[in-house]
There are 2 protein chains.
Amino acid sequence: MNRSGTQLSSASQRWLKELRSAGYRLTAPRQAVVEIIANSEFLLDPQTLYDRARRRYPRLGLVTVYRTLEKLEEQGLVQRVHHPDGCQAFIAAVNGHQHLLICQRCNRVQYFSGDGERMGALMESVSQASGYQIQEHWLQLFGLCADCQASAEQ
Amino acid sequence: MNRSGTQLSSASQRWLKELRSAGYRLTAPRQAVVEIIANSEFLLDPQTLYDRARRRYPRLGLVTVYRTLEKLEEQGLVQRVHHPDGCQAFIAAVNGHQHLLICQRCNRVQYFSGDGERMGALMESVSQASGYQIQEHWLQLFGLCADCQASAEQ
DNA sequence: CTGCTTGCAAAGGATTTGCACCTTA
DNA sequence: TAAGGTGCAAATCCTTTGCAAGCAG
């Protein structure tokens, strides 16, 4: 149990500890926001996150969601995800470089580790051909997750 | 020469022809917008495009830029480009599936053809491992173009 | 207690819409 | 001359900021 009287997942507890050691305070609104996004397998935009977190902490303001996301992003706990229909969605971040696999129907997200060797070779050859000095890369796959394939068959 | 009394590049002429055959009219404001973006190697956001196109057609309104971009995107002549600092930039599209190489300093964009075979193999293995049915992919590289590397050395 | 946090309200910025006028075909 | 296109102004939508009151530490 914690100060808001609700159970917190272990992921939330870890995130809150990280925020704490970065000098931020532990407050009930923050706990509510963290608890939702730390445990979501789906992309969440600020409004959706707000709607869900408000079920835990009804006095929550949308502004606090934006401010909390800002701090979580700064601590590397969440990352913003760009996709064809917008760029305001967030998902829990992972350590190290990983690529994203996104369901276009339900927004479920999964990470996969790109083939580092092939990727390196590709970047090397593009760099040679173009004269660019490459610093970063994005690789994202879009499709239908297993659940959505199943429900589409109905 | 054309109805606005200015020279048009061959790329613009082709684009305008495509708009025409899609049922849209050829107007001076549209020509101004098309002439800028059809010939740019750099990402352009609506405001920048507006500023440049207004030098050709001063009475242009920003709204017309938005409406023209909408039609160009719909015809597959431009594509929206997402990058870490925003998603409101556009660039001339190419036929077939190509990947993007973007200069983080000057916004120059270049297309490169991903290694289709490796990419296919990667998607196949991710698909197997995740159960996702993959429909689309994004591959973008970010770095410094040759010009920007040179000017950074000064 | 002190200063970080919060929620509200207002400000901002980007994009879209309503509308009367204008231009293309 | 009919239908589509244009620019202005206003409306929207999303996000950020200012501020007084509320809490964490």
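The sequence lines fix the lettering, A, B, ..., with proteins before strands; numbering per chain opens at 1.
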Check: Who are the side chain to side chain contact (heavy atoms under 4.5 Å, CB included) partners of B:Ala53, not counting sequence neighbours?
Finding: B:Ala32, B:Val33, B:Ile36, B:Leu60
Next item on the list: Quick one: list whatever passes side chain to side chain donor-acceptor pair (under 3.5 Å) with A:Arg108, sequence neighbours left out.
Entry: A:Glu41, A:Asp147
Margin query: Rounded to whole Å, please give me the gap between CD in B:Gln31 and C1' in C:dT24.
Written below: 11 Å
Next item on the list: Quick one: label B:Gln47 by what it contacts on the DNA or RNA (base, sugar-phosphate, nothing), any heavy atom closer than 4.0 Å.
Entry: nothing
Note to self: Does B:Val78 form a side chain to side chain contact (heavy atoms under 4.5 Å, CB included) with B:Ile91? I'd like the steps, not just the answer.
What the structure shows: CA-CA 5 Å; B:Val78 303; B:Ile91 190 79; over 6 Å; no
Item checked: Interatomic distance where OH belongs to A:Tyr57 and P belongs to D:dG22 [whole Å] -> 12 Å
Checklist line | Nearest-Å distance for atom pair CG/P, residues B:Leu62 and D:dA9 | finding: 13 Å
Next item on the list: Rounded to the nearest angstrom, tell me the gap between atom CG in B:Leu60 and atom C1' in D:dT6.
Entry: 10 Å
Next item on the list: Measure from CZ on B:Arg54 to C1' on D:dC8 and round the result to the nearest Å.
Entry: 13 Å
Item checked: Pairs touching residues 65-90 of chain A that satisfy salt bridge (charged side-chain N to carboxylate O under 4.0 Å, His left out), sequence neighbours left out -> none
Next item on the list: Return the set of residues passing side chain to side chain contact (heavy atoms under 4.5 Å, CB included) with B:Arg105 (not counting sequence neighbours), or none when no residue passes.
Entry: B:Cys103, B:Leu144, B:Cys148, B:Ser151
Item checked: Polar side-chain atom of A:Ser12 near backbone of A:Leu8 as donor-acceptor pair, under 3.5 Å -> no
Item checked: Pair of N/O donor and acceptor under 3.5 Å linking D:dG4 base with B:Arg67 side chain -> no
Item checked: Sequence neighbours excluded - ring-ring contact (aromatic ring centres under 6.0 Å, His included) pairs with any residue from residues 118-141 of chain A -> A:His82-A:Trp138, A:His97-A:His137, A:His99-A:His137, A:Trp138-B:Phe142
Margin query: Using whole Å, what does the distance between atom P of nucleotide D:dG5 and atom CD of B:Glu70 come to?
Written below: 11 Å
Check: Between B:Leu69 (CG) and C:dT16 (C1'), how many Å, whole number?
Finding: 14 Å
Just the table, please: protein N/O against nucleotides 2-5 of chain C N/O, every pair under 3.5 Å.
from, atom 1, to, atom 2, distance (Å)
C:dG3, N2, A:Arg25, NH1, 2.4
C:dG3, N3, A:Arg25, NH1, 3.4
C:dC4, O4', A:Arg25, NH2, 3.4
C:dC4, O2, A:Arg25, NH1, 3.3
C:dT5, OP1, A:Arg25, N, 3.2
C:dT5, OP1, A:Arg30, NH1, 3.1
C:dT5, O5', A:Arg30, NH1, 3.2
C:dT5, O5', A:Arg30, NH2, 3.1

Next item on the list: Using the closest heavy atom to pick a nucleotide of DNA chain C for each, name whichever of B:Arg59 or B:Arg80 lands nearer the 5' end.
Entry: B:Arg80
Next item on the list: Starting at atom CZ of B:Arg20, determine the distance to atom P of D:dG4, rounded to an integer number of angstrom.
Entry: 12 Å
